[in-house]
Amino acid sequence: MLDIGFIRSNPDLVKKAIRSKRLGNEDSVDQLLEADQAKRDLTTELQKLQSQANDRARQIGEFMRAGERIKADAIKSETAEAKKRIKELEQQASEAASKVTNLLLDIPNVPDESVPVGTSPDDNKVDFESTLPDAFSFDALPHWDLIKQLNIVDFDRGAKVTGAGFPFYIGKGAKLQRALISFFLDTAVAKGYTELQPPIVVNEDSARGTGQLPDKEDMMYEVTRDGFYLIPTAEVPVTNFLRDEILDTGDLPVKYCAYTPCFRREAGSYGKDVRGLNRLHQFDKVELVQVVDPDSSYDALEEMRTDAEELLEALGLPYRRLLMCTADLGFTQTKKYDLEVWSAAQERWLEVSSISNFESYQARRAKIRHRRGNDKPEFAHTLNGSALALPRIVAALLENGQRADGSIQLPEALVNYTGFDTIS
RNA sequence: GGAGGGGUGGCAGAGCGGUUGAAUGCACCGGUCUUGAAAACCGGCAUACCUUCGCGGGUAUCGUGGGUUCGAAUCCCACCCCCUCCGCCA
């Protein structure tokens with residue numbers, strides 16, 4: 001969430017952000033400011049009464065110690081009414097406070113100035129695009145056909161065992177997954193990220209901390225019996241790793257990488273988007289997370305973007321980089337790049353990475369702070385990015401690497417990890 | 001799953017229901033001393049919110065939520081979490 005003080009002094013800026021993101025409701029800003037004023041009025045009055053009540057209690061204590069019971073009783077008789085009033089005000093103040101919090105949760109983060117203003121995905125700016133490979137000299141197959149021929153992913157049995165979108169990877173297909181995960185993690189660790197292996201179910205506080213709750217619960221699978229959620233991304237456990245903590249500014253940036261399976265309900269998806277490996281309910285991903293000094297979060301964003309791009313380059317996959325326009329920014333993001341890989345047989349771009357700065361929006365929610373010397377703690381900035389999501393990478397590796405005989409040529413960089421350079 | 005023990009400030013660790021937001025030690029910051037450092041000594045050192053132009057003042061917080069009381073870290077209830085032992089088990 002945003003700082004209420006910031007909204008108080010920049011209401012128009014916040015309204016403009018809501019308009020440009022096409023998320024939320026402009027009116028909620030005024031409602032918020034009104035609720036905030038009401039809350040503060042109630043708080044002030046409540047605290048005045050509490051202060052008086054504390055004075056009386058202190059006096060009673062002094063009289064009791066001095067043995068002046070009569071005087072003490074006299075004051076006691078005055079307390080009943082105030083007590084009742086305090087109770088009422090406490091009730092009202094806490095209602096007002098949760099109203100403010102709820103409205104605050106309805107206000108999206110403000111886009112960075114460098115983000116293009118737009119109204120649809122068409123306004124995303126293509127920042128970079130690889131030259132596309134020459135057309136195949138044979139009939140190229142989409143990856144779902146290649147997978148079947150090579151018997152490296154089994155959707156049908158996955159559907160039998162669990163359901164649609166939960167495939168089995170088989171043989172070299174499974175090994176390829178493992179190789180990609182290792183390659184991605186090793187590369188990140190070499191760049192200074194600390195590898196974490198997090199829990200893949202989280203509690204409600206964590207889901208709230210990164211913003212999956214209260215709004216996006218539909219995207220997550222729940223373990224209702226224990227109050228847990230299956231993670232939709234490693235971002236959730238990894239960012240919450242530092243929840244409710246105050247770090248020394250000198251210890252920043254904190255850089256983590258983590259491989260996890262990710263679980264998404266993807267309710268309502270259909271058509272070509274879910275064909276083959278394009279969209280799954282369970283998939284593997286290596287995620288990068290940084291917690292940084294607010295002064296340097298945009299540098300960190302570029303760094304993470306580069307970290308992800310270098311993986312694509314090492315894999316020899318044609319890709320493009322989109323600077324997302326305001327309309328395509330998520331609720332919590334101030335700036336975001338998407339990396340899309342070229343799927344040679346489908347002849348379309350597939351998103352394989354999304355790298356975002358949240359500034360202090362997530363940190364405020366998750367209470368991740370840092371302290372400069374003896375100063376008051378302030379909220380850190382958090383960022384995350386995929387490096388990378390596996391299924392579409394696999395799809396692209398298969399489609400782009402296919403040969404006339406139906407076998408797949410794997411990139412050099414993976415051979416150390418797979419132990420083979422061809423899938424046939 | 002069963003039995004028991006415990007949750008207090010960055011850490012360790014006190015805390016008869018009444019100047020206890022909380023002793024003490026360590027850590028940390030500033031200062032004195034020193035050629036420099038260490039030691040010693042002095043001082044400071046939780047968080048959020050309300051209020052004030054500011055100095056400052058105030059409220060809340062001792063796992064969480066309720067309750068008793070004029071007054072709760074301290075008493076009562078519920079819940080959560082951690083530890084130990086037993087059971088089960090990769």
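Protein chains get the first letters and strands the later ones, always in sequence-line order, with residue 1 at the start of each.
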### Message
In whole Å, I'd like the distance from the CG atom of A/Leu89 to the P atom of B/G58.
### Response
20 Å
### Task
Examine B/C49: is either OP1 or OP2 under 4.0 Å from a nitrogen or oxygen in the side chain of A/Arg40? Give yes or no.
no
### Message
For A/Gln177 and A/Val394: C-alpha separation, side-chain torsions, deciding distance, then whether side-chain contact (heavy atoms from CB on, under 4.5 Å) applies.
### Response
CA-CA 8 Å; A/Gln177 295 279 115; A/Val394 171; 3.4 Å; yes
### Message
Nearest whole Å is fine: how far is B/C49 C1' from A/Glu90 CD?
### Response
14 Å
### Summary
For A/Gly330 and A/Leu23, the nearest pair of non-hydrogen atoms, with its separation, is C-CD1, 4.0 Å
#### Entry: For atom CG of A/Leu49 and atom P of B/C50, their distance in whole Å
18 Å
### Contact under 4.0 Å: A/Lys376 side-chain N or O vs B/A48 OP1/OP2
yes
### Message
Of the options B/C49, B/G18, B/U47, whose atoms approach the side-chain atoms of A/Gln47 most closely?
### Response
B/C49
### Task
Let me know the distance between NE2 of A/His370 and P of B/G10, rounded to the nearest Å.
17 Å
### Message
Just N and O in the side chain of A/Arg369: are any of them under 4.0 Å from OP1 or OP2 of B/A48?
### Response
yes
### Query
Is there a donor-acceptor contact under 3.5 Å from the side chain of A/Thr239 to the main chain of A/Val236?
no
### Task
For A/Asp375 and B/A46, give me the distance from atom CG to atom C1', rounded to whole Å.
15 Å
### Query
Just by distance, with hydrogens left out, do A/Glu340 and A/Tyr319 show a side-chain donor and acceptor under 3.5 Å apart?
no
### Summary
Of A/Lys87 and A/Lys83, the one whose nearest nucleotide on RNA chain B sits closer to the 5' end is A/Lys87
### Query
When the ring centroid of A/Tyr256 is compared with that of A/Phe241, is the distance short of 6.0 Å?
yes
### Query
Rounded to whole angstroms, how far apart are CZ on A/Phe379 and C1' on B/U47?
11 Å
### Query
What is the nucleic acid contact for A/Lys48, judged by heavy atoms within less than 4.0 Å: base, sugar-phosphate only, or nothing?
nothing
### Query
B/U69, B/C50, B/A48: which one has an atom nearest the side-chain heavy atoms of A/Pro377?
B/A48
### Message
From CG of A/Asp3 over to C1' of B/C49, roughly how many Å is that when rounded to an integer?
### Response
13 Å
## Note on the structure
Ordered by number, residues from residues 50-62 of chain A within less than 4.0 Å of RNA chain B (heavy atoms) are A/Gln50, A/Ser51, A/Asn54, A/Ala57, A/Ile60, A/Gly61
### Query
Who is the Watson-Crick or G-U wobble partner of B/U59, with both distances under 3.5 Å?
B/A48
### Query
With a 3.5 Å cut-off and no angle check, do the side chains of A/Thr194 and A/Lys255 form a donor-acceptor pair?
no
### Query
For A/Lys71, which contact category applies under a 4.0 Å heavy-atom criterion: base, sugar-phosphate, or nothing?
nothing
